[in-house]
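Counting starts at 1 for both ligands and their atoms, following the listed order.
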Amino acid sequence: TVKESGGNGYCFYTNEIKKMNEEKLYIQNSIRKALENNEFTLYYQPIIDISSGNVDAVEALIRWNHPKLGPISPATFIPIAEETNLIQLIGDWVLREVCRQSKEWKKKNMPHIQIAVNISIKQFLQADLVQSISNVLQTYNLDPFCLKLEITESMAMHHMDYVRAQLQSLKELGIQLAIDDFGTGYSSLSYLKKLPVDMIKIDRTFIQDMVKHSYDLSIVRAVIQVAHSLNMKVVAEGVETSEQLKILCSERCDKAQGYYFSKPLLAKELEQLLQNKMKLEGRSQ
Ligand code: C2E
Ligand code: MG
Ligand code: MG
Ligand code: MG
């Protein structure tokens, strides 16, 4: 065993684990404080309808500016929060904040924008998820259609029966559903027909590589065709160049999201973007 081999190897190994655990605990305690002190912010990234060029939805993406460590990526702190019930607290905060924002935009007479929210597996498996979403919508007097929930492909695969039932209840409530990061979860395309979802988001690795590798383009093409035959829309994630957009257009992909159009924006910045666009359209008429 490692222990018997003795010496520094073992010591180094346990120290590394100890350090990792201490860092995790520190982050977990910081998340609790962050919720109390309002350190989280939501940014909104436009999702563009390819044929009209209009922004018809945004994806809410959480940001955390830690008072000591500075900005921490959700790719770092969400998985740490997922190891505890903190993810439920973050998830509740995100849902409430998204509904509050949607209501504010409605009051300001902004054009109707659907907001996509990332839901983590632990949150999704909660028995009272449907009820709590329904409650938040009622609190803000919002139409369920204003929300879209994104769950990742790998998550949908691992808890198939439960996931399907949960998706069905959400759908009955009138909420739109999307499968996120599609293509990374090693499920077969035939899997899709079992899921009552409105939309598939193709993972950005395929969008990046399809320009150079025909293999990736074939995958993108196949996903679009299967999704369309199942009456689902397709979003391309991580679109960064006009060349990528051109390919997506000729493959009849429905929607696109990525730095080519816009990075994730503060609510105020998004409002400005949408208002400027409305003015441009007004002038051209
Ligand atoms: P995701 O849901 O797949 O979100 C898309 C990620 O791609 C975002 O990273 C976004 O900023 C980034 N992105 C968008 N366009 C481009 C592009 O053109 N190029 C590149 N390279 N990247 C692009 P972000 O915001 O760092 O979020 C990472 C992940 O963290 C998300 O992946 C999602 O899984 C998770 N996440 C973010 N916000 C939340 C949240 O509120 N709740 C939960 N449960 N998870 C969240
Ligand atoms: Mg997402
Ligand atoms: Mg994604
Ligand atoms: Mg992702």
Side-chain angles (χ1 to χ4, degrees), residues 27 31 34-35 39-48 55 57-65 70-102 114-126 129 132-133 136 147-156 176-185 197-211 220 223 234-245 248 253 255-267 269-270:
I27 297 277
I31 291 175
L35 285 161
E39 288 166 22
F40 293 116
T41 313
L42 289 183
Y43 274 60
Y44 299 90
Q45 187 177 35
I47 298 173
I48 281 82
V55 177
V58 290
E59 177 175 6
L61 295 159
I62 196 167
R63 294 291 178 265
W64 182 16
N65 198 3
I72 304 179
S73 160
T76 304
F77 73 83
I78 292 286
I80 294 177
E82 275 171 341
E83 291 180 18
T84 67
N85 71 344
L86 287 169
I87 192 63
Q88 262 104 317
L89 300 179
I90 293 177
D92 287 346
W93 179 82
V94 170
L95 271 171
R96 258 183 291 119
E97 177 58 14
V98 157
C99 288
R100 190 203 58 75
Q101 187 62 67
S102 183
Q114 199 173 44
I115 308 181
V117 180
N118 292 288
I119 299 286
S120 111
I121 180 71
K122 262 213 174 167
Q123 210 186 342
F124 193 78
L125 295 178
Q126 262 177 274
L129 177 76
S132 66
I133 291 179
V136 184
L147 274 190
K148 180 176 287 155
L149 304 187
E150 296 189 0
I151 65 163
T152 62
E153 182 203 5
S154 45
M155 177 172 133
Q176 300 259 306
L177 303 164
I179 301 293
D180 204 354
D181 301 350
F182 193 81
T184 58
V197 300
D198 306 278
M199 194 167 267
I200 302 295
K201 299 186 80 171
I202 305 180
D203 193 74
R204 75 161 183 269
T205 51
F206 299 98
I207 307 305
Q208 259 152 21
D209 295 343
M210 72 179 180
V211 177
V220 170
V223 172
V234 181
V235 185
E237 295 193 271
V239 177
E240 293 181 357
T241 67
S242 61
E243 199 184 0
Q244 290 166 344
L245 180 63
L248 292 167
C253 184
K255 286 153 208 278
Q257 176 181 0
Y259 299 160
Y260 178 69
F261 301 99
S262 170
K263 62 180 187 354
L265 302 170
L266 280 166
E269 296 172 320
L270 181 78

Worked check of side chain to side chain contact (heavy atoms under 4.5 Å, CB included) between E59 and I115: CA-CA 6 Å; E59 177 175 6; I115 308 181; over 6 Å; no
Kindly indicate, with the supporting measurements, whether the criterion side chain to side chain contact (heavy atoms under 4.5 Å, CB included) is fulfilled by M210 and L248. CA-CA 10 Å; M210 72 179 180; L248 292 167; 3.8 Å; yes
Side chain E153, main chain T184, donor-acceptor under 3.5 Å: yes
Taking the Mg ion (ligand 2) as the vertex, measure the angle between atom OE1 in E150 and atom OE2 in E59; round to 10°. 90°
Residue S120 vicinity, atoms of ligand 1 by number, heavy atom under 4.0 Å: 44 (N)
Below 4.0 Å from ligand 1: does a non-hydrogen atom of K201 turn up there or not? no
Side chain to side chain contact (heavy atoms under 4.5 Å, CB included) assessment of V94 paired with N118: CA-CA 9 Å; V94 170; N118 292 288; over 6 Å; no
Taking the minimum heavy-atom distance to atom 27 (O) of ligand 1, which of G238, P74, G91, A60 ranks first? P74
Where does L42 meet ligand 1, judged by heavy-atom distances below 4.0 Å: at the side chain, the backbone, both, or neither? neither
Residue-ligand contact E237/ligand 1, heavy atom below 4.0 Å: yes
In plain terms, say whether R204 and E240 are close enough for a salt bridge, that is, a side-chain N and a carboxylate O under 4.0 Å apart. no
For the Mg ion (ligand 3), find the closest N/O/S atom belonging to E237 and write down its atom name. OE2
Measure V117 to ligand 1 on non-hydrogen atoms and call it side chain, backbone, both or neither using the 4.0 Å cut-off. neither
E82 side chain to I87 main-chain N or O, any donor-acceptor pair under 3.5 Å? no
May I ask you to check if ligand 1 and Q123 share an N or O to N or O distance below 3.5 Å? no
Considering L61, N118, D203, which one's heavy-atom position lies nearest to atom 44 (N) of ligand 1? N118
Would E237 and D203 count as a side chain to side chain contact (heavy atoms under 4.5 Å, CB included) if you check the C-alpha gap in whole Å, the side-chain angles of each, and the deciding distance to 0.1 Å? CA-CA 6 Å; E237 295 193 271; D203 193 74; 4.0 Å; yes
Out of all atoms in ligand 1, which are within 4.0 Å of some heavy atom of V94? Include the element for each. 41 (O)
What atoms of ligand 1 come closer than 4.0 angstrom to any heavy atom of P264? 11 (O)
Non-hydrogen atom of R63 closer than 4.0 Å to ligand 1: yes
Closer than 2.8 Å to the Mg ion (ligand 2): does that hold for any N, O or S atom in N118? yes
So, 4.0 Å and heavy atoms of Q257: is ligand 1 close enough to count as a contact? no
Keeping the roles fixed (side chain from E243, backbone from V211), state whether a donor-acceptor pair exists under 3.5 Å. no
Pick out which of E150, K255, Q176 makes a side-chain contact (heavy atoms from CB on, under 4.5 Å) with M199. K255
Whether Q244 side chain and T241 backbone form a donor-acceptor pair below 3.5 Å: yes
Please confirm if an N, O or S atom belonging to D203, backbone or side chain, lies less than 2.8 Å from the Mg ion (ligand 3). no
Kindly check if the number of other-residue, nucleotide or ligand heavy atoms within 6.0 Å of CD (E269) is above 12? yes
Suppose we only allow N, O or S atoms; which atom of D180 ends up nearest to the Mg ion (ligand 2)? OD2
I'd like to check W93 versus I62 (side-chain heavy atoms, cut-off strictly below 4.5 Å). Are they in contact? yes
Evaluating non-hydrogen atoms only, which member of K263, E240, Q45 is closest to atom 19 (N) of ligand 1? E240
Could you tell me, atom by atom, which parts of ligand 1 come under 4.0 Å of a heavy atom of G258? 15 (N), 18 (O)
For D181, the N, O or S atom at the shortest distance from the Mg ion (ligand 3) is OD1
